[in-house]
Amino acid sequence: MDKSHLKPGMVVEYHQDAVEVIDVNTFQNTVQVKRCSDDRHFTANCNELHEDPQLHTDCPTYY
């Protein structure tokens with residue numbers, strides 16, 4: 001996903017799991033994220049994130 005589209009608070013897909021964007025590092029093309037299922041924090045590459053229209057922003061599950 002393009003780093004310019006990522007904003008803190010967004011819920012996006014990371015390897016078929018919902019994650020919330022915490023912070024975007026545009027210099028290194030990475031983001032700090034929090035996995036919605038277990039609140040685990042980690043760093044991911046922006047290219048590994050995908051916006052999924054089936055992912056509800058108020059409910060981090062697929063329908």
Side-chain angles (χ1 to χ4, degrees):
M1 188 169 180
D2 189 335
K3 61 189 168 200
S4 65
H5 292 99
L6 292 167
K7 306 281 186 251
M10 280 182 78
V11 178
V12 294
E13 180 186 347
Y14 175 76
H15 296 286
Q16 299 181 349
D17 202 2
V19 296
E20 179 182 348
V21 175
I22 304 295
D23 189 38
V24 181
N25 184 333
T26 56
F27 181 71
Q28 294 183 336
N29 199 40
T30 59
V31 290
Q32 285 288 331
V33 295
K34 177 179 77 166
R35 190 184 324 260
C36 296
S37 60
D38 61 8
D39 291 334
R40 184 176 146 238
H41 290 243
F42 57 93
T43 302
N45 189 298
C46 292
N47 299 333
E48 297 178 298
L49 301 175
H50 302 282
E51 192 168 17
D52 187 344
Q54 292 183 340
L55 191 61
H56 296 276
T57 56
D58 59 342
C59 178
T61 56
Y62 291 95
Y63 64 84

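The chain is numbered in sequence order, starting from 1. As the structure is a computational prediction, the values presented were derived from the model and not from experiment.
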For the residue pair [X] and [Y], what are the closest heavy atoms and their distance?
X     : Y     : answer
His5  : Met10 : O-SD, 3.2 Å
Leu6  : Cys46 : CD1-SG, 3.7 Å
Val33 : Val21 : CG1-CA, 4.2 Å
Cys36 : Val11 : SG-CG1, 4.4 Å

* Asked: With sequence neighbours left out, which residue pairs that include part of residues 28-48 fulfil the ring pair (Phe, Tyr, Trp, His ring centres under 6.0 Å) condition?
  ->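 Applying ring pair (Phe, Tyr, Trp, His ring centres under 6.0 Å) to every pair that reaches into residues 28-48, excluding sequence neighbours, yields Tyr14-Phe42.
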Which residues pass the side chain to side chain donor-acceptor pair (under 3.5 Å) test with [X], not counting sequence neighbours?
X     : result
Asn47 : Asn45
Thr43 : Gln32
Glu51 : none

* Would you give the length of the straight line joining atom NE2 of His50 to atom CD of Glu13, rounded to the nearest 0.5 angstrom? =>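 So the NE2 of His50 and the CD of Glu13 are separated by 6.5 Å.
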* Gap between atom NZ of Lys34 and atom CG of Asp23 - 0.5 Å precision ->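 So the CG of Asp23 and the NZ of Lys34 are separated by 14.0 Å.
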* To do: Taking salt bridge (Lys or Arg N to Asp or Glu O under 4.0 Å) as the test, write out the residues that go with Asp2, two or more places apart.
  => none
* Asked: Would Ser37 and Asp17 satisfy side-chain contact (heavy atoms from CB on, under 4.5 Å), going step by step from the backbone distance to the final call?
  -> CA-CA 8 Å; Ser37 60; Asp17 202 2; 3.7 Å; yes
* Carefully, step by step, assess Val31 and Leu49 under the rule side-chain contact (heavy atoms from CB on, under 4.5 Å). => CA-CA 9 Å; Val31 290; Leu49 301 175; 3.3 Å; yes
* To do: Can you sort out the partners of Gln28 under side chain to side chain contact (heavy atoms under 4.5 Å, CB included), two or more places apart, ordered by chain and number?
  =>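 Result, side chain to side chain contact (heavy atoms under 4.5 Å, CB included) vs Gln28: Asn25, Thr30.
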